[in-house]
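Below, chains carry the letters A, B, ... as their sequence lines are ordered, and counting in each starts from 1. A quick note: this is a predicted structure, and the numbers were derived from the prediction, not measured.
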2 protein chains.
Amino acid sequence: MGARSMDEAPAGWDEVATRLRARGLRWTAQRRTLVGVLAGTSGHVTGADLVERCRAVDPTTTPSTVYRTLDVLEDLGIVRHAHGADGREEFHVRPAADHGHLRCDRCLQVWEIGPDEARSLVAAIEAARGFTVDLSHLSISGRCAACREASPRG
Amino acid sequence: MGARSMDEAPAGWDEVATRLRARGLRWTAQRRTLVGVLAGTSGHVTGADLVERCRAVDPTTTPSTVYRTLDVLEDLGIVRHAHGADGREEFHVRPAADHGHLRCDRCLQVWEIGPDEARSLVAAIEAARGFTVDLSHLSISGRCAACREASPRG
DNA sequence: GCCCGTATTGCAACGAGTTGCAATAGCATC
DNA sequence: GATGCTATTGCAACTCGTTGCAATACGGGC
Ligand SMILES: [Mn+2]
Ligand SMILES: [Mn+2]
Ligand SMILES: [Zn+2]
Ligand SMILES: [Zn+2]
């Protein structure tokens with residue numbers, strides 16, 4: 001593992017404090033806790049999930065603070081969220097690439113729609129309407145191939 | 001107004017009772033209230049909205065009953081729902097045609113994506129993944145042309 | 001190292017749903 | 001028109017957030 005590419009973005013969680021202060025925002029104990037939790041998380045997580053994980057680190061954690069901080073971090077581009085089929089928020093932690101979601105409402109599996117695959121979809125809407133799609137917030141429900149075969153009607 | 005086309009689907013709200021019973025379900029006072037409210041509603045409505053309107057008719061209305069009945073009616077295809085940007089449910093009452101939604105998160109306006117416009121989008125996903133999109137549940141956020149011009153960065 | 005403006009927090013109350021359960025009431029059958 | 005099965009209701013408690021407000025505590029400036 002010696003030949004790791006040098007220009008890969010570093011973890012970068014340490015820059016968060018700086019970026020907050022640069023905007024006149026503050027680096028508090030509560031934010032340190034949440035950012036610590038996020039640094040140890042990958043993939044998609046629920047807001048409630050994050051509250052719970054913060055509480056594991058600091059039992060005095062309050063939900064409103066966590067949700068408010070998530071809003072701030074989303075402004076900074078550090079997290080993104082989309083919504084599950086029930087509308088609940090799901091956060092992506094430092095998504096490698098911008099992506100949308102495809103979810104089967106029968107087997108509940110989720111697939112990511114990468115930027116390449118999304119390109120034509122996004123371009124079509126852009127062309128027809130001048131509307132810029134927020135890809136990371138996109139969550140498409142339906143039925144996957146396997147489930148459709150399993151129960152054509154139902 | 002004499003020359004109304006004859007084959008237009010009739011209001012059809014009266015069939016609801018029959019369709020419920022055909023499935024072994026029941027036609028209750030509470031369901032009569034909700035269906036009455038729906039018959040007098042068009043476009044998109046929130047669940048909470050519907051609870052409120054039912055209460056105007058029958059003050060003893062209970063939220064859980066309304067939401068449970070909406071689920072049943074959705075099974076019957078009488079209503080459909082999608083989600084607002086905040087994830088809250090929004091119902092379409094007897095949508096004329098299956099359609100998706102485009103919503104600008106700056107001006108909060110909503111546009112419908114008709115079946116024709118959606119066709120290519122849906123077909124692309126179907127072709128690439130074998131995934132069948134639930135168009136009426138689709139809600140795409142982003143920024144409309146006007147808002148993008150108004151504040152290119154922001 | 002202290003001051004002070006203001007960003008942030010915690011609390012409490014609220015809003016939108018959801019769920020388990022015991023009581024009620026459709027409705028199909030006789 | 002009465003009976004019985006079971007779908008449905010209402011209640012209460014719970015989940016996931018959101019919001020207003022007074023108290024707290026960052027952190028830039030001195
Ligand atoms: Mn939904
Ligand atoms: Mn959202
Ligand atoms: Zn599936
Ligand atoms: Zn707009």
Item to check | For atom CH2 of B:W27 and atom P of D:dT6, their distance in whole Å | outcome: 24 Å
Item to check | Spatial distance of atom CG (A:D49) from atom OG1 (A:T41) [nearest 0.5 Å] | outcome: 8.5 Å
Item to check | Atom pair distance, as rounded to whole Å: CG in B:D75 and P in D:dT8 | outcome: 11 Å
Next on the checklist: Below the 4.0 Å mark, does D:dT18 have OP1 or OP2 next to a side-chain nitrogen or oxygen of A:Y67?
Outcome noted: no
Checklist outcome for this item: Rounded to whole Å, the CD-C1' distance (A:E90 to D:dG17) equals 15 Å
Next on the checklist: Nearest whole Å is fine: how far is D:dG17 P from A:D71 CG?
Outcome noted: 11 Å
Item to check | d(CG, B:D86; P, D:dG17) in whole Å | outcome: 11 Å
Checklist entry - To the nearest angstrom, how far is A:L20 atom CG from D:dG27 atom C1'? => result 13 Å
Checklist entry - B:G24 near the nucleic acid: base, sugar-phosphate alone, or nothing, with a heavy-atom cut-off under 4.0 Å? => result sugar-phosphate
Next on the checklist: What contact category does A:R68 fall into here, base, sugar-phosphate, or nothing, at under 4.0 angstrom with non-hydrogen atoms?
Outcome noted: base
Checklist entry - Does the side chain of B:E74 reach to within under 4.5 Å of the side chain of B:H81, using non-hydrogen atoms? => result yes
Next on the checklist: Donor-acceptor check, side chain of A:H137 to backbone of A:L135, threshold 3.5 angstrom: yes or no?
Outcome noted: no
Checklist entry - If you pin B:R32 and B:E89 to their nearest nucleotides in DNA chain C, which one's is more 5'? => result B:E89
Item to check | Donor-acceptor pair present, B:R26 side chain and D:dT6 base, under 3.5 Å | outcome: yes
Next on the checklist: From CZ of A:R23 over to P of D:dG27, roughly how many Å is that when rounded to an integer?
Outcome noted: 16 Å
Checklist outcome for this item: Walking DNA chain D from its 5' end, the first of A:T28 and B:T69 to be reached, judged by nearest nucleotide, is B:T69
Next on the checklist: Using a 4.0 Å heavy-atom cut-off, does A:S64 contact any base of the nucleic acid, only the sugar-phosphate backbone, or nothing at all?
Outcome noted: base
Next on the checklist: I want to confirm an ordering. Mapping B:G87 and A:L25 to their closest nucleotides on DNA chain C, which one lands closer to the 5' end?
Outcome noted: A:L25
Checklist entry - Distance from A:L73 atom CG to A:L20 atom CG, nearest 0.5 Å? => result 6.5 Å
Checklist entry - Between A:E89 and A:H83, does a side-chain hydrogen bond (donor to acceptor under 3.5 Å, both in side chains) hold up when you go through it step by step? => result CA-CA 5 Å; A:E89 286 186 318; A:H83 296 267; 5.2 Å; no
Item to check | Boundaries of the DNA chain C segment in contact with chain A, non-hydrogen, under 4.0 Å | outcome: C:dG5 to C:dC11
Checklist outcome for this item: On a heavy-atom basis, the closest approach of A:R19 and A:L76 is NH2-O, 2.7 Å
Next on the checklist: Could you tell me if A:H101 and A:H92 have a donor-acceptor pair between their side chains, going purely by distance under 3.5 Å?
Outcome noted: yes
Checklist entry - Tell me: CZ of A:R31 to P of D:dC26, nearest whole Å? => result 11 Å
